[in-house]
Amino acid sequence: MRQHSTAAGIVARFSLVFEELFIFIALLCLVAFFALSADNFLTTGTLSAILSQLPALTVVTIGMTLVLVSGGIDLSVGSVVALSSAVVGLLYTVFGLPLPLAALLGILAGGCAGLVNGLLGSYLRLPIFIVTLGMLEAGRGLAYLVTGSQTMYIGPDIQSMALPIPGLGVSPAFLLALALVIVAQLTLTRTVFGRYVIAIGSNETAAKISGIRTEPYLCAVLVISGLLAGLGGLMNAAYLGASDPNAALGLELSAIAAAVIGGTSLMGGRGSIVGAFLGVLIIAVLQNGLAQLGVSEPVKRLITGLVIILAVLLDRWRSRP
Amino acid sequence: MRQHSTAAGIVARFSLVFEELFIFIALLCLVAFFALSADNFLTTGTLSAILSQLPALTVVTIGMTLVLVSGGIDLSVGSVVALSSAVVGLLYTVFGLPLPLAALLGILAGGCAGLVNGLLGSYLRLPIFIVTLGMLEAGRGLAYLVTGSQTMYIGPDIQSMALPIPGLGVSPAFLLALALVIVAQLTLTRTVFGRYVIAIGSNETAAKISGIRTEPYLCAVLVISGLLAGLGGLMNAAYLGASDPNAALGLELSAIAAAVIGGTSLMGGRGSIVGAFLGVLIIAVLQNGLAQLGVSEPVKRLITGLVIILAVLLDRWRSRP
Amino acid sequence: GSEEGGDGTEADSAPPRVALVMKSLANEFFVNMAAGAEAHQAAHSEAYQLIVNGIRNESDLAQQVALVDQMISSGVDAIVIAPADSRALVPALSRAIAAGIVVINIDNRLEPEVLAEYELQIPFIGPSNRDGARMVGDYALRGLPGDSKVAILEGITSAFNSIQRRTGFEEAVAAAGMEVVTLQSGEWDQTRAAQITSAILSQYPELDVILAANDNMALGAASAVGMASREVVIAGFDNISAIHPLLQSGAVVATADQFGDQLAVFGIEYALEILATGIIPQDRQTPLELVTPETLQAN
Amino acid sequence: MTPRLAIESLCKRFAAPVLRDVSMAVAPGSIHGLVGENGAGKSTLINIVSGLLPADSGSLRLNGASYRPGSRRQALDHGIALAAQEMSLIDTLTVAENILLANLPQHKLAIDRERLIERSLLLMNRVDLRVSPQAAVAELTLAERQLVELAKALSMPESACKLLILDEPTSALTSPQADRLHSLLTERAAQGLSIIYVSHRLDDVLSVCDEVSVLRDGQIVLTAPTSGLGAEDLIHAMCGEELLADDAIAASPRGPIRLRVEALSSAEFPEPISLQCHSGEIVGIAGLAGAGRSELLHAIFGLGERRSGKVLLSGEAEVSIDSPSTAVRHGMAMIAEDRKAQGLFGGKSLAMNTTIAGLGRLGGALAAVLPRRELDVSERLLQKLKVKSEGPRQDIDRLSGGNQQKVLFARWLQTEADVWLLDEPTRGVDIGAKLAIHQQLRRLRDQGAAILIVSSELEELTALCDRILVLSARRVAACYERGQWSKELLLDAAFSQFKNSQSHAGAST
Ligand SMILES: Nc1ncnc2c1ncn2[C@@H]1O[C@H](COP(=O)(O)OP(=O)(O)OP(=O)(O)O)[C@@H](O)[C@H]1O
Ligand SMILES: Nc1ncnc2c1ncn2[C@@H]1O[C@H](COP(=O)(O)OP(=O)(O)OP(=O)(O)O)[C@@H](O)[C@H]1O
Ligand SMILES: [Mg+2]
Ligand SMILES: [Mg+2]
């Protein structure tokens with residue numbers, strides 16, 4: 001009996017690594033495919049192009065994953081990215097605030113949107129899908145209002161965040177995103193907060209009876225998602241050197257896709273930030289590779305759709321021993 | 001005890017009507033608001049404009065509601081609308097098939113997309129959110145391929161479906177959509193199929209233990225959603241007299257919003273087609289009213305977001321006695 | 001010359017690689033542009049290689065910036081770009097130029113101030129959307145009574161072309177001494193345009209003219225007008241094929257052709273010229289043509 | 001005579017073997033009992049017979065013909081009716097629809113509502129379920145739900161039904177309800193129906209069944225007619241050892257008052273109630289199904305809407321309980337009635353399930369959870385409670401029902417709670433484990449805990465409690481000290497309000 005349980009224990013211990021291993025293999029397959037079919041895919045240029053695109057989607061996906069694990073969903077992230085980038089642009093260019101302050105306020109604007117989502121969704125118990133759908137519309141409207149519906153040029157200052165640090169080859173934004181992935185993964189797996197979020201997503205009633213006040217946690221994940229979307233907006237502005245009220249249209253679907261490819265359940269209670277990050281990488285590699293191949297838009301769409309489905313097929317195959 | 005249960009029975013019986021009553025009141029408020037603020041809102045012109053826009057969203061929402069009740073979601077409806085309208089356009093204008101045949105094949109194209117969703121989602125048990133997200137991409141890609149990414153002019157023939165029948169004031173498309181609302185509502189509430197879909201959406205394991213083979217039903221609702229999206233594509237083409245591969249972008253979110261405003265639960269097991277239809281009316285009145293007021297795009301967005309949230313707030317208030 | 005691309009531009013056997021970066025490849029205008037470029041390449045296959053890319057969504061700047069970065073990293077020799085935004089693309093293009101890549105701007109002009117800030121000189125080739133819209137507007141409004149009421153359907157509010165065309169339309173209306181009763185965004189989309197037009201028609205029973213910033217919206221407007229059995233003059237922009245039947249039937253009176261299929265070809269030829277000679281040529285405005293039922297008949 | 005159902009060398013394994021070479025035969029018209037410890041494999045065997053799980057090897061014969069159901073539907077078509085252990089009810093459908101779900105009466109394309117109501121009322125009467133057939137199942141109590149499940153199992157036409165399987169059909173029922181079911185079963189068996197009856201209530205098994213099989217660790221260790229057997233024989237076969245007798249109660253002196261409930265009411269429990277519980281005391285709450293016992297516990301624990309009145313914990317300082325989280329922080333524990341819906345974190349490890357409530361004591365939300373510590377803690381508790389598992393990393397869904405219940409116990413032992421609210425804590429728990437739980441409760445009491453326990457088994461209350469409170473229609477009907485009560489007195493009190501209300505409601509029994 002004891003021997004048996006140790007064996008099972010070992011399998012169980014590896015299963016987390018294992019889970020992410022499968023997604024990692026999928027990623028490698030994709031890279032191998034593009035390396036074979038596109039001429040200059042395996043170059044430092046491609047790598048740095050991919051790395052510079054990652055940060056915004058990565059941080060947004062971290063927030064989305066947390067929300068999904070808690071059993072919710074946040075459809076407003078795309079709009080909040082646009083809103084926050086608009087706020088940064090406005091404060092810096094029109095009101096002339098110093099950039100760090102403008103950036104901070106932009107992130108806070110995202111946090112406010114998240115707070116509204118959180119209050120309506122957790123304390124008033126409105127269906128979070130609809131609340132964040134409302135915020136998707138309202139947030140975009142605000143972004144248009146803030147920018148006067150025009151792209152605002154911010155200039156090279158803000159871009160320093162998105163440009164590779166000399167000698168290191170990666171940008172501060174990427175380092176920040178990577179650090180957040182690690183922090184979020186540890187928070188989810190190694191802190192009381194993470195446990196509670198998982199417990200609430202897995203069975204809210206049972207969580208309540210176990211003495212967990214569910215509202216503050218449900219609200220907190222939405223605020224975190226809002227703040228991270230705000231940060232995503234800042235990163236987007238840094239990447240573009242401009243704030244674009246039309247930025248990040250449909251980003252919510254990419255973020256959800258990345259999270260689910262990475263093993264997060266839409267039913268709540270299960271998820272991995274590292275997996276979600278691998279999901280982001282898959283999406284980025286796919287977009288890059290297809291662009292380098294220069295295939296036509298319809299074919300790009302078809303392939304993207306197929307890869308999304310294949311990724312979860314692989315995931316399904318894994319979890320069915 | 002017995003008296004108590006009868007009283008409860010009566011309350012239960014009225015609660016359905018009641019439920020929809022609240023949405024109806026919300027709709028009336030909205031109409032009253034626009035009647036007061038826009039000059040020519042309460043005119044037959046507005047009415048017929050709204051009626052002519054309804055059919056496509058209505059039929060798509062019927063399918064979406066069924067899928068939501070079964071505990072799933074169908075993100076691909078917008079793309080399938082575009083695909084079906086593209087197929088109709090291609091078959092009629094390029095291949096010269098007679099219009100009814102082209103229309104039928106267009107609807108069937110939608111059904112095929114739904115079948116793929118259904119097979120992957122129910123028999124292979126992939127997460128339906130991701131499957132239909134994949135189809136959202138792939139279907140749009142196919143629509144571009146079919147039309148060569150061009151809007152195809154179809155001509156007045158197809159528009160006869162969308163034009164008011166003289167003397168009646170409403171179009172065949174609207175009548176069809178209305179008939180489908182009634183048929184679907186009866187199917188959901190009065191047939192074994194409907195009860196089984198509710199049962200599966202409410203508790204899939206329990207449904208299985210009760211001897212319901214869940215796969216065929218889960219597959220069927222997705223096929224129905226696909227067919228209805230196909231019909232929606234036909235109606236869209238009829239409305240425009242053209243088939244547009246970029247049609248119905250983001251339609252899935254409108255359909256979900258309409259369903260949820262109408263009292264359908266995103267957790268499955270609960271929903272009303274009539275309610276969803278009222279949800280569609282709210283959305284249509286809102287769009288029309290805002291366009292008549294001529295408010296700017298940002299303000300439109302803001303108001304749309306607020307109305308969506310208010311509608312569910314009202315709904316929440318109702319269900320908390 | 002380019003260091004990292006490997007195949008240099010001077011004196012070697014491999015033909016140069018030109019990347020065409022456009023807005024949405026799901027839009028007929030850009031599809032035609034791509035087709036024109038591909039036909040040109042097929043006819044000059046020994047002269048250059050072509051990679052065509054567009055973004056998913058006309059307004060997704062980040063994706064277009066990413067595309068430029070990807071093209072830099074895949075080592076192309078020249079980039080011909082129809083920027084989705086006139087400012088936000090400049091930094092990315094400056095990176096391309098720093099990497100030794102020749103950049104040509106087509107369709108939508110990059111903001112000269114921002115170019116100056118980055119000390120760049122990127123030649124622009126393309127039509128003036130504003131002049132084109134003015135031309136279409138003038139034609140549509142000619143001969144109408146002076147108190148006619150006009151509605152304008154613009155594209156995505158923040159889009160450069162949308163702003164240019166809206167401005168052109170507004171100039172035409174002002175010149176004719178008429179009134180714009182409402183200006184709304186149809187977001188380039190047919191269905192939305194049809195819905196908005198329906199609403200406008202009931203709000204303004206006296207409406208005479210709808211000027212739409214692209215043909216898709218004109219198509220939508222025409223179907224709404226047909227459905228309401230009203231007489232409204234409609235004009236569009238872009239000259240897509242689906243508009244022709246409506247021009248013939250008179251439901252739409254005019255549109256503008258910017259010869260999109262040639263636009264990219266001009267850009268590519270310029271790029272090849274620079275690669276060969278190293279001389280940076282001047283900006284060039286490409287022609288725009290008014291398309292009316294008569295001109296359609298003439299062809 | 002060919003047996004109705006013959007099971008031959010059936011094997012099934014998940015991670016470990018669960019059924020090993022099981023052979024069993026059920027004669028026509030007989031009631032066959034199936035008993036065994038938690039996790040012995042009873043439900044697994046039943047799931048195979050009723051088409052919910054495929055067997056790894058072995059064969060089944062139904063009336064002599066080979067039988068291999070591929071789905072629950074096929075088993076139904078073969079005449080196998082089932083009342084599942086984890087009930088298979090659909091919350092959003094009505095009672096009537098649930099009862100007839102597998103066979104909804106149709107008229108043309110539509111459901112025939114009249115026949116639906118008519119037939120379900122008939123079945124509801126048979127099990128004595130008195131709610132509206134139009135009521136939504138979500139609004140029923142667990143006992144009522146179990147009766148719905150039974151009515152559902154009985155809904156198969158008598159001509160078609162060959163085998164009726166009941167997996168712990170009385171776990172949530174009071175004894176009058178159970179008795180009624182048993183007489184119904186005997187009646188149907190006399191008409192030729194074969195029945196498999198799984199239960200942990202050994203006395204019931206002995207009185208109802210004709211024959212009984214005992215499963216131990218996935219093997220049949222005994223099959224015999226019940227006539228010559230006693231409960232001790234079954235226990236011996238199940239555990240392979242003698243159980244400690246339910247040790248007599250050394251009337252320990254009770255301590256000061258620990259829990260005070262003052263005029264408490266809520267939307268679910270509208271009549272204000274006051275009661276108190278001393279430390280070192282076990283107070284039982286008896287009552288019929290629907291008497292409001294669960295609602296009372298919920299209200300005390302801080303759940304429920306429109307709650308008024310006071311719940312006070314007196315210790316060093318007096319605290320007022322206003323929410324479950326305050327309750328837990330101040331040493332309260334609650335094991336709710338519906339294990340799956342209100343207790344378990346499905347798909348999560350045993351470790352997570354045991355430690356979750358205790359995490360609050362680690363400090364703030366950002367306090368670290370150390371996997372090593374967590375595993376150690378839960379491993380120790382699982383061993384202490386003798387949970388049959390593969391270790392703390394195992395997924396809780398893979399545990400048998402009784403073992404899941406033990407994990408819930410472990411959860412609150414981990415918080416070192418000293419005020420316990422228990423709602424049917426031994427529901428679905430085998431006799432050995434039940435005694436272990438009883439012992440555990442006594443130990444807690446002796447350590448000074450205040451315990452409030454709701455149970456439908458009067459024997460259990462009698463054996464454990466120092467005081468018993470009887471609820472009837474949400475009011476306190478009586479309160480007895482140890483030595484004052486008898487089964488008759490308790491039942492009388494439980495029926496008291498019900499009799500009054502029955503007279504003007506005019507319901508017939
Ligand atoms: N899906 C599953 N995956 C893995 N193991 C399982 C699964 N279902 C049951 N088991 C294991 O099989 C064994 C037998 O379980 P089963 O539910 O048949 O027990 P039981 O006799 O019905 O117990 P109880 O009296 O508690 O209901 C248990 O040890 C359980 O852990
Ligand atoms: N959410 C609810 N909505 C409406 N009625 C309810 C609800 N919950 C319970 N009831 C009703 O309240 C009554 C009392 O239920 P309660 O759970 O208190 O019974 P109980 O004494 O705990 O019985 P059991 O032995 O079943 O646990 C039942 O008749 C039930 O139908
Ligand atoms: Mg069992
Ligand atoms: Mg109870």
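Proteins come first, then strands; the chains are lettered A, B, ... in the order of their sequence lines, and each starts at number 1.
- To the nearest 0.5 Å, the span separating CD1 on A:Ile209 from CD1 on D:Ile356 amounts to 13.5 Å.
- A pairwise comparison of heavy atoms in D:Ser325 and A:Gly211 identifies CB-O, 3.1 Å as the closest pair.
- Proximity to chain A involves both the backbone and the side chain of D:Phe345, based on heavy atoms less than 4.5 angstrom apart.
- Around atom CZ of D:Arg329, more than 12 heavy atoms belonging to other residues, nucleotides or ligands sit under 6.0 Å away.
- The two residues A:Ala206 and D:Gly343 have their closest heavy-atom pair at CB-O, 3.5 Å.
- Pairs of residues two or more places apart, or lying in two chains, that qualify as salt bridge (charged side-chain N to carboxylate O under 4.0 Å, His left out) and include a residue from residues 400-421 of chain D are D:Arg258-D:Asp418, D:Arg361-D:Glu416.
- With a 4.5 angstrom heavy-atom cutoff, D:Ala367 touches chain A via backbone and side-chain atoms both.
- Residue contact with chain A, scored on non-hydrogen atoms closer than 4.5 Å, is absent for D:Ile335.
- Of the listed residues (D:Lys348, D:Lys340, D:Met334), the one with the most heavy-atom contacts under 4.5 Å to chain A is D:Lys348.
- Looking at A:Ala220, there are no atoms closer than 4.5 Å to chain D (heavy atoms on both sides), in backbone or side chain.
- Contacts with chain A were tallied for D:Ala365, D:Ala357, D:Ala341; D:Ala365 has the most, counting heavy-atom pairs under 4.5 Å.
- Heavy-atom distances place the side chain of D:Glu374, and not its backbone, under 4.5 Å from chain A.
- The heavy-atom pair separating A:Val192 from D:Val369 by the smallest distance is N-CG2, 3.6 Å.
- Heavy-atom pairs under 4.5 Å with chain D were tallied for A:Glu204, A:Lys208, A:Arg213; the largest tally goes to A:Arg213.
- Using a 4.5 Å cut-off on side-chain heavy atoms (C-beta onward), A:Ile212 and D:Leu359 make no contact.
- Between A:Arg190 and D:Pro371, the closest heavy-atom pair is NE-CG, 3.3 Å.
- Residues D:Gln342 and A:Asn203 approach most closely at N-ND2, 4.4 Å, considering heavy atoms.
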